**Q** 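Before anything else, here's the structure in question.
What you see below is based on every heavy atom in this structure, not just the backbone, and it leaves out hydrogens, waters and symmetry mates. Quantities reported herein were computed from a predicted structural model and do not represent experimental measurements.
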Amino acid sequence: RAWHIVPDGRIAGMEIVVERATPADAPDFLDLVDALADYEALDRPDPAARERLVRDAFGPSPRFALFMARRDGAAVGYAVVFETYSTFLA
């Protein structure tokens with residue numbers, strides 16, 4: 001399933017498509033993570049962290065759901081969705 005988002009219906013060519021990521025999206029995801037780190041003036045993930053990110057997104061027991069946002073096929077964003085649970089708030 002894909003979501004098609006148009007920030008302003010009057011702007012042609014601005015449609016953003018958001019879909020659940022697949023392992024083929026890993027390079028684009030890591031590029032966006034690097035871009036965010038650069039923007040925030042943080043260190044980019046090292047090779048071990050990059051492996052964990054991909055494994056945790058696409059491995060046999062994913063730790064989070066990953067969604068990619070694309071405009072005209074180019075990756076423009078991502079969303080990481082994970083569940084937390086508190087036994088104190090149950």
Side-chain angles (χ1 to χ4, degrees):
R1 178 175 185 201
W3 294 270
H4 297 262
I5 302 164
V6 180
D8 182 334
R10 297 167 296 189
I11 301 174
M14 289 297 294
E15 181 178 63
I16 297 171
V17 178
V18 178
E19 295 181 294
R20 182 79 182 249
T22 69
D25 293 309
D28 287 338
F29 169 55
L30 294 172
D31 285 346
L32 289 170
V33 170
D34 286 345
L36 179 59
D38 293 347
Y39 176 80
E40 295 289 348
L42 299 170
D43 292 334
R44 290 179 170 193
D46 64 21
R50 295 169 77 80
E51 287 180 26
R52 286 192 303 274
L53 283 166
V54 172
R55 181 191 64 229
D56 291 346
F58 305 113
S61 298
R63 298 189 63 193
F64 59 88
L66 177 62
F67 294 85
M68 295 295 294
R70 295 184 179 278
R71 188 175 70 206
D72 295 327
V76 295
Y78 67 90
V80 171
V81 180
F82 59 95
E83 183 176 341
T84 59
Y85 188 84
S86 172
T87 56
F88 297 103
L89 300 176

**Q** To which residues is Leu42 joined in a hydrophobic cluster, defined by side-chain heavy-atom contacts under 4.5 Å among Ile, Leu, Val, Met, Phe, Trp and Tyr, whether direct or through other members?
**A** none
**Q** Listed by chain and number, what are the side chain to side chain contact (heavy atoms under 4.5 Å, CB included) partners of Ser86, not counting sequence neighbours?
**A** Phe88, Leu89
**Q** In Å, rounded to the nearest 0.5 Å, how long is the span from CG of Asp25 to OH of Tyr78?
**A** 13.5 Å
**Q** Taking all heavy atoms of Ala57 and all of Pro62, pick out the closest pair and write down the distance.
**A** O-CB, 3.7 Å
**Q** Among residues at least two apart in sequence or on other chains, which ones pass side chain to side chain contact (heavy atoms under 4.5 Å, CB included) with Leu53?
**A** Phe29, Leu30, Val33, Pro45
**Q** On a heavy-atom basis, which atom in Phe58 and which in Ala26 lie closest, and how many Å separate them?
**A** CE1-CB, 4.1 Å
**Q** Going by side chain to side chain contact (heavy atoms under 4.5 Å, CB included), name the residues that satisfy it together with Tyr39, two or more places apart in sequence or in a different chain.
**A** none
**Q** Write out all pairs satisfying side-chain hydrogen bond (donor to acceptor under 3.5 Å, both in side chains) with one or both partners inside residues 40-50, taking only residues at least two apart or from two chains.
**A** Asp34-Arg50, Asp38-Arg44
**Q** With clusters defined by side-chain heavy atoms of hydrophobic residues (ILVMFWY) lying less than 4.5 Å apart, directly or transitively, does Val18 cluster with Val81?
**A** yes
**Q** Is there a path of hydrophobic side-chain contacts, each under 4.5 Å between heavy atoms of I/L/V/M/F/W/Y residues, joining Val54 to Phe64?
**A** yes
**Q** With hydrophobic residues grouped by side-chain heavy-atom distances under 4.5 Å, do Leu66 and Val76 end up in a single group?
**A** no
**Q** Could you tell me which residues satisfy side chain to side chain contact (heavy atoms under 4.5 Å, CB included) with Ala75, sequence neighbours excluded, listed by chain and number?
**A** Asp28, Leu32, Met68, Arg70
